[in-house]
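All remarks here apply to the structure that follows.
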Amino acid sequence: MKCTVQAFGITREIAGSKEVVVELPEGSTVSDFKTVLFSQFPRLSTLTSLFIAVNQAYAEDSQVLKTEDEIALIPPVAGG
Amino acid sequence: MKCTVQAFGITREIAGSKEVVVELPEGSTVSDFKTVLFSQFPRLSTLTSLFIAVNQAYAEDSQVLKTEDEIALIPPVAGG
Amino acid sequence: MIKITPKPIDIQKVIDTASSLGAGAVNVFIGTVRNTAHGKKVLWLEYEAYEAMAVAEIRKIIDEASHRWPLLGWAVSHRIGTLKPGEVSVAIAVSSPHRRDSFEACQFIIDTLKEKAPIWKKEIFEGGEEWVSAQPNVAKVYN
Amino acid sequence: MIKITPKPIDIQKVIDTASSLGAGAVNVFIGTVRNTAHGKKVLWLEYEAYEAMAVAEIRKIIDEASHRWPLLGWAVSHRIGTLKPGEVSVAIAVSSPHRRDSFEACQFIIDTLKEKAPIWKKEIFEGGEEWVSAQPNVAKVYN
């Protein structure tokens with residue numbers, strides 16, 4: 001399946017775009033997604049941390065992704 | 001010596017006036033002053049506490065009063 | 001800025017006075033008149049201060065706070081006179097490089113102000129009135 | 001009120017939104033842009049948010065705070081876009097019957113917001129720029 005992923009902050013700059021497309025086998029988990037993502041954008045693995053948001057909430061590594069999910073890259077936050 | 005004393009809050013209402021005059025022997029302390037004050041206005045001794053301010057600062061019971069001192073009655077405070 | 005005033009408190013001015021370009025944090029405490037106390041409806045409050053001494057005591061509190069926390073700015077404004085429920089009785093603002101210090105210092109200032117500053121309030125209820133904390137055997141009011 | 005906005009934050013409005021007639025205390029935290037970080041002069045900051053999720057995360061934080069403390073009102077406004085030193089990046093206000101709760105709840109909200117809300121900032125220095133906290137081996141900035 002083809003996932004369109006929103007990228008914010010430093011991940012947006014590393015990806016060079018607000019959105020990145022990642023091709024994943026059906027039934028992939030968040031953890032699988034990160035493996036593919038890091039191979040596609042190796043610099044993302046140098047961040048202090050990288051969380052994945054699914055449908056506007058922090059996702060566990062074991063969560064299974066579906067085509068219709070809203071996925072986003074959450075590098076270390078620094079609000080306030 | 002004659003001390004003119006400022007009264008605030010409930011002490012002003014008990015004294016019935018913003019200022020009360022207390023006659024004291026020379027060399028009197030804050031403690032002596034309170035004794036005379038309580039005999040003059042017995043209801044003042046029913047307050048939760050009564051501090052005496054001398055020259056705009058809290059005074060110890062042992063402090064000796066002088067004619068030129070600015071004296072004030074400080075019933076329990078409740079600012080804020 | 002330490003101010004004892006019969007006029008409504010300008011909170012934005014208190015904040016602006018306390019702010020600093022080197023600060024990352026401003027903490028502000030605002031005391032407001034509650035519409036109830038001891039289960040009774042409050043009609044209004046009468047605040048009274050020994051103004052010169054109140055300013056002197058608040059200055060001591062600020063000096064102590066500045067000694068204990070790295071404050072970059074501060075302001076305290078306390079209202080006197082007649083206040084209705086919802087009105088602002090006191091506004092305190094402090095700024096510091098980091099936020100924890102601003103919280104701690106602001107809380108210290110209001111806690112100590114309530115303990116030391118010669119300011120009094122009388123609550124006027126329906127059918128009664130009372131100088132807060134002045135007499136024993138009367139429920140204490142905290143805010 | 002939870003607001004993520006590119007416009008300057010109206011602090012008085014945040015306070016008014018959080019205020020309540022039953023409250024004796026309002027605590028307000030204001031985050032401001034510092035003019036230095038890691039000893040370097042900050043020219044400006046760029047704030048960016050994943051807006052829908054930021055609002056959702058802040059709502060969870062408010063729910064948790066409302067569960068832990070007796071809050072009567074609250075408001076959170078976070079700015080995004082370009083901010084210069086001295087400008088307000090975030091304002092949080094909470095009201096409660098008694099003051100200690102307002103301090104604790106407000107501090108909990110800003111602490112947790114900084115930890116959880118998907119908001120990012122890039123510091124632009126003279127001769128460089130940096131996404132705060134994003135990469136290891138770079139001094140962290142707290143405010």
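Atom set for the values below is all heavy atoms of this structure, side chains included, hydrogens, waters and symmetry mates excluded. In what follows, chains carry the letters A, B, and so on, assigned in the order in which the sequence lines appear, proteins first and then strands, with residues in each chain numbered from 1.
Contact count against chain C (heavy-atom pairs under 4.5 Å) is highest for D:Ala23 among D:Ala91, D:Ser102, D:Ala93, D:Ala23.
Annotation: cation-pi pair C:Arg79/C:Tyr47 absent, no NZ/CZ under 6.0 Å from the ring centroid and within 45° of its normal.
Applying the side-chain hydrogen bond (donor to acceptor under 3.5 Å, both in side chains) rule to pairs touching residues 9-28 of chain D yields C:Asn27-D:Asn27, D:Gln12-D:Asp16, sequence neighbours excluded.
Contact of C:Ile92 with chain D is not made at all, since no heavy-atom distance falls under 4.5 Å. When heavy atoms are compared at a cutoff of 4.5 Å, C:Asp101 does not approach chain D at all.
Side chains of D:Ile119 and D:Glu48 form no contact here, defined as non-hydrogen atoms less than 4.5 Å apart. Between C:Thr82 and C:Leu45, the closest side-chain pair of non-hydrogen atoms is not below 4.5 Å.
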